[in-house]
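For this chain, numbers begin at 1 and follow the sequence in order. Every value quoted in this text rests on a predicted model; they were computed, and no experiment measured them.
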Amino acid sequence: MHPCLTCGACCAYFRVSFHWSETDPALGGPVPAELTEPFDPHRVVMRGTWEQKPRCVALDAEIGVRSRCSIHPQRPTVCRDVPASWEFGEPSPQCDKARIAWGLPALTAADWRWRDGAANDDDSNPDDHDNDPSTPLPPIRAA
């Protein structure tokens, strides 16, 4: 199972701000405007993420147990741009920081071994970042 499906820490740790145009359907913006609020003249934030204890309004989760984004196909670019640590062969400082803040261990390359040889990982199923899932994972480094 993808580690993000049992996490949700980043969605309950960071302020999610992005350009308002991502909420304008006329400009191709997929993010539902009703889930955002103004931040400054050029940016909006996902509701709930500008609070002292942030939690995105689109997050359906029990942090560290189960997690899903209720608007995953329509999520903002900033959300798409934060990879899970080691998903693509290197750590993600944002992922690590959020997980540690929630008392979860940082992900390691070993957390991705479930993907090795998965029947649905072939060249016809690239991930959200257009990476080829058939590319082998890097070796696990000794701790």
Open item on the list: Looking at every heavy atom in both C4 and A84, which two are closest together, and how far apart are they?
Closed with: SG-CB, 3.9 Å
TODO: To the nearest 0.5 Å, tell me how far R15 CZ sits from M46 CE.
DONE: 14.0 Å
- [ ] Compare every heavy atom of E22 with every heavy atom of T77, then report the nearest pair and how far apart it is.
- [x] N-OE1, 2.8 Å
Task: Main-chain N/O of V16 paired to T49 side chain as donor or acceptor, under 3.5 Å - done: yes
Task: P93 backbone acceptor or donor facing D96 side chain under 3.5 Å - done: no
- [ ] For R80 and P73, work out which heavy atoms get closest and say how close.
- [x] NH2-O, 2.7 Å
Task: Donor + acceptor pair across side chains of D60, S70 (<3.5 Å) - done: no
Task: Within-4.5 Å side-chain heavy-atom neighbours: W20 and T36 - done: no
Task: Nearest non-hydrogen partners of P38 and W50, listed with the distance - done: O-CZ3, 3.7 Å
TODO: Measure the CZ-SG distance between R99 and C10 for me, rounded to the nearest 0.5 Å.
DONE: 10.0 Å
- [ ] Return yes if some donor-acceptor pair links the side-chain N/O of W112 with the main-chain N/O of S85 below 3.5 Å, else return no.
- [x] yes
Open item on the list: So, taking the atom named CZ in R68 and the one named CG in L5, what distance separates them when rounded to the nearest 0.5 Å?
Closed with: 10.5 Å
Open item on the list: Just verifying a value: how many Å separate S92 OG and L107 CG, rounded to the nearest 0.5 Å?
Closed with: 9.0 Å
TODO: Look up atom OG in S67 and atom NE2 in H2, then write down how far apart they are to the nearest 0.5 Å.
DONE: 11.0 Å
- [ ] Please check if L27 and L35 belong to a single hydrophobic cluster, counting links between Ile, Leu, Val, Met, Phe, Trp and Tyr side chain heavy atoms closer than 4.5 Å.
- [x] yes
Open item on the list: Check whether R47 reaches the backbone of A58 with its side chain - one donor and one acceptor, N or O, closer than 3.5 Å.
Closed with: no
Open item on the list: Grouping I, L, V, M, F, W and Y whenever their side-chain heavy atoms are under 4.5 Å apart, do F39 and V57 come out in a common cluster?
Closed with: no
TODO: Could you tell me whether a side-chain N or O of R43 sits under 3.5 Å from a main-chain N or O of H19, the two making a donor and an acceptor?
DONE: no
Task: Smallest separation among heavy atoms of C69 and R75, with atom names - done: SG-CB, 4.4 Å
Task: Spacing of W86 atom CH2 and C95 atom SG [to the nearest 0.5 Å] - done: 11.5 Å
TODO: Report yes or no: do V78 and V31 belong to one cluster of Ile/Leu/Val/Met/Phe/Trp/Tyr joined by side chain heavy-atom distances under 4.5 Å?
DONE: yes
Task: Heavy-atom pair with the smallest gap, counting every atom of G8 and I63 - done: O-CD1, 3.4 Å
TODO: Treating Ile, Leu, Val, Met, Phe, Trp and Tyr as nodes and any side-chain heavy-atom pair under 4.5 angstrom as an edge, say whether L59 and Y13 lie in one connected cluster.
DONE: yes
